[in-house]
Protein chains: 2
Amino acid sequence: MIEYSGQPHYLVAVDCIVFGFDGEHLKILLVKRGLEPEINKWSLMGGFVGANESPDDAANRVLKKMTGLEGVYLEQMQIYGEPGRDPIERTLSVGYFALIDIHKYEAQLNDDYEAEWFLINDRPKLIFDHDQMVADARKKLRYKAALHPILFEMLPKKFTIPQLHILFEEVNDTKIDTRNFSRKITSTGLLIKLAEKDRTGSKKGAFYFKLDKKKYNANSQAFLNLMPNLKI
Amino acid sequence: MIEYSGQPHYLVAVDCIVFGFDGEHLKILLVKRGLEPEINKWSLMGGFVGANESPDDAANRVLKKMTGLEGVYLEQMQIYGEPGRDPIERTLSVGYFALIDIHKYEAQLNDDYEAEWFLINDRPKLIFDHDQMVADARKKLRYKAALHPILFEMLPKKFTIPQLHILFEEVNDTKIDTRNFSRKITSTGLLIKLAEKDRTGSKKGAFYFKLDKKKYNANSQAFLNLMPNLKI
DNA sequence: ATATTAATTGTCGTTTTGACAATTAATATT
DNA sequence: AATATTAATTGTCAAAACGACAATTAATAT
């Protein structure tokens with residue numbers, strides 16, 4: 001029997017930075033850790049990669065288990081593998097970021113876990129290197145969202161341009177001219193205007209739009225320029 | 001003693017897709033595998049992640065060991081972790097792509113390993129999922145090179161615009177108008193024109209340029225638009 | 001009826017893009 | 001020595017994209 005004798009073996013985990021948007025602010029979903037060490041401290045949603053699953057499978061499983069949601073937007077970020085990052089035992093973790101519609105989450109919430117949404121800018125200190133992961137995820141979200149239409153993933157099926165506008169401002173932590181934004185986002189050809197209006201936010205009301213799934217899937221690779229005066 | 005009892009442990013490896021440019025074509029550096037299984041088959045440069053190193057450390061170590069080169073451009077791509085990808089034992093591999101100056105390599109070559117450059121489009125079949133890794137690396141190289149000035153990493157310190165032009169065409173597998181390319185690349189402000197000319201390629205000769213390291217490092221995050229009519 | 005407010009559409013000069021032409025600096029040929 | 005040749009470089013220009021800012025519109029509140 002051939003084997004890679006003498007090579008060390010490690011635990012492999014996944015950790016998910018789950019982003020959501022409540023209409024005003026960017027938030028992340030954290031959980032109270034259920035095992036030692038650092039039990040009851042806040043951490044990212046994570047778990048070990050099982051024997052018969054890939055890291056991607058594991059991330060989806062963890063998300064399903066802890067939020068009840070399936071088929072969420074999930075993107076591999078990078079691996080975190082410094083030898084001492086977990087004090088108990090060498091563990092490498094694959095970082096993912098997820099974008100979910102916060103309202104879907106409320107509906108599907110799995111109460112077995114103590115999970116809570118925090119404002120991205122007002123969150124508790126996290127265990128291990130999870131704060132670094134969050135920082136990296138934010139950066140990558142910004143980068144990706146400037147080029148690809150992924151922020152829709154955090155909005156409900158029907159959404160308005162002003163909602164999208166606030167979300168873009170939150171993610172990029174900057175002001176964007178509403179007039180130019182509106183034109184730019186519609187000129188992508190990815191939005192379908194609905195007859196209905198959202199009247200909760202203003203007197204005039206804002207038209208609802210939905211995503212043109214066909215074009216969205218076809219163009220998910222294309223480069224757009226969604227951020228004005230972009231300097232990252 | 002706390003421990004994560006009962007969780008499976010795996011081998012963790014790194015694999016590097018090493019890109020080079022010979023002045024005409026994009027190439028990758030492959031090695032004859034030195035251990036079973038699939039011994040003597042062509043594969044990517046790789047190795048297991050040691051007990052006291054991070055995956056990034058391991059990738060740098062492997063590159064140093066097999067090419068003699070240090071400080072090469074190295075970028076983490078993604079993790080490959082399908083349960084059955086290594087037939088002997090569950091092994092997860094972190095894929096990296098590296099950009100090196102092929103001439104530096106010739107000078108520093110480590111002859112202990114059977115390594116050989118292959119045309120990217122005319123290479124032997126590789127072991128395991130390494131062909132998939134190469135395909136992914138190519139895609140990511142294209143993506144990144146369209147937005148960031150990284151292809152310089154494959155050229156010598158002094159290079160000409162025509163050299164760079166051919167390299168861009170190779171990477172993107174397309175024709176680019178020389179006139180527009182020349183202006184676009186110089187307008188980035190990243191190049192410093194030297195007095196010397198390269199006379200080997202033409203009668204008129206082409207001016208050598210070098211990278212403005214200061215601006216290069218400062219702008220490595222900025223978005224450029226280096227590819228015309230970009231549809232990825 | 002009128003004021004108010006946010007959403008939406010307009011305007012316009014500037015910059016970027018990319019298709020294509022002309023010029024230039026060398027060597028090779030007559 | 002004049003001329004042809006070739007690849008590098010600079011020029012031209014119309015179309016598109018960008019972004020600063022103004023005006024209009026569709027509703028509700030007074």
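Proteins get letters first, then strands, A, B, ... in listed order; numbering begins at 1 in each.
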Looking only at heavy atoms, which two atoms of B/Glu24 and B/Asp22 are closest? And how far apart?
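Closest heavy-atom pair between B/Glu24 and B/Asp22: N-OD1, 2.7 Å.
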
Would you please classify the geometry between the [Y] ring and the [X] ring as parallel, tilted or perpendicular, with 30° and 60° separating the classes?
X: A/Phe223; Y: B/Tyr143; answer: tilted
X: B/Tyr105; Y: B/Trp117; answer: perpendicular
X: A/Tyr216; Y: A/Phe152; answer: perpendicular
X: A/Phe97; Y: A/Tyr73; answer: tilted

Check the distance between [N]'s [atom2] and [X]'s [atom1] and give it to me in whole angstrom.
X: B/Asp198; N: C/dT27; atom1: CG; atom2: C1'; result: 15 Å
X: A/Leu224; N: D/dA17; atom1: CG; atom2: P; result: 12 Å
X: A/Phe181; N: C/dT9; atom1: CZ; atom2: P; result: 14 Å
X: A/Leu164; N: C/dT8; atom1: CG; atom2: P; result: 12 Å
X: B/Lys193; N: D/dA8; atom1: NZ; atom2: P; result: 13 Å
X: A/Phe207; N: C/dA7; atom1: CZ; atom2: C1'; result: 10 Å
X: B/His165; N: C/dG18; atom1: NE2; atom2: C1'; result: 13 Å
X: A/Lys184; N: C/dA7; atom1: NZ; atom2: P; result: 20 Å

If you count every heavy atom of other residues, nucleotides or ligands that lies below 6.0 Å from B/Lys144 atom NZ, does the total exceed 12?
yes

Quickly, which of B/Asp136, B/Asp15, B/Asp129 forms a side-chain hydrogen bond (donor to acceptor under 3.5 Å, both in side chains) with B/Tyr80? Name it, please.
B/Asp136

Base contacts versus sugar-phosphate-only contacts with protein, heavy atoms under 4.0 Å: please encode nucleotides 21-30 of chain D as B, S and - from 5' to 3'.
BB--BBBB--

Is the gap between the ring centers of B/Phe168 and B/Phe181 under 6.0 Å?
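Yes: the rings meet the under 6.0 Å criterion.
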
According to a 3.5 Å limit on both distances, what stems of 3 or more consecutive Watson-Crick or G-U pairs are formed with DNA chain D?
C:1-30 with D:1-30

Flag the pair A/Arg179 and A/Asp177 as a salt bridge only when some basic side-chain nitrogen lies within less than 4.0 angstrom of an acidic carboxylate oxygen.
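Judged by the 4.0 Å cut-off on N to carboxylate O distance, A/Arg179 and A/Asp177 do form a salt bridge.
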
Are B/Asn225 and C/dT17 close enough that a side-chain N or O sits under 4.0 Å from OP1 or OP2?
yes

